[in-house]
Amino acid sequence: MGLLDIEYVIEKGTVCYYTHELGGVIWHFVVLPEFRNTGIAIQLLSKAIDFLREKVIKRSRHGQGMIKG
């Protein structure tokens, strides 16, 4: 259906340039054409944000900008 590729830090400043908080990067985010416009992308992104919050990630980056948690 879809793919969400997340990298997150367990030590400040090791993944993101933002060094005084834990952060992460969403590298790839795709949904197969036959599953587009079904809400899958929103569900994937919501789960990703929940996952990052569980890891105490304060900021994450994706191709379009910053997501603040």
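The figures that follow rest on heavy atoms only: side chains count, while hydrogens, waters and symmetry mates do not.
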List the atom of I6, the atom of A48, and the distance in Å for their closest heavy-atom pair. CD1-CB, 3.4 Å
CG (L4) and CD1 (I40) are apart, to the nearest 0.5 Å, by 12.5 Å
Counting neighbours of CG on L32 that are heavy atoms of other residues, nucleotides or ligands and sit closer than 6.0 Å, is the number greater than 12? yes
Taken to the nearest 0.5 Å, the spacing of L45 CG from F29 CZ works out to 5.0 Å
Among Ile, Leu, Val, Met, Phe, Trp and Tyr joined by side-chain contacts under 4.5 Å, find the other residues sharing a cluster with V30 and list them by chain and number. L3
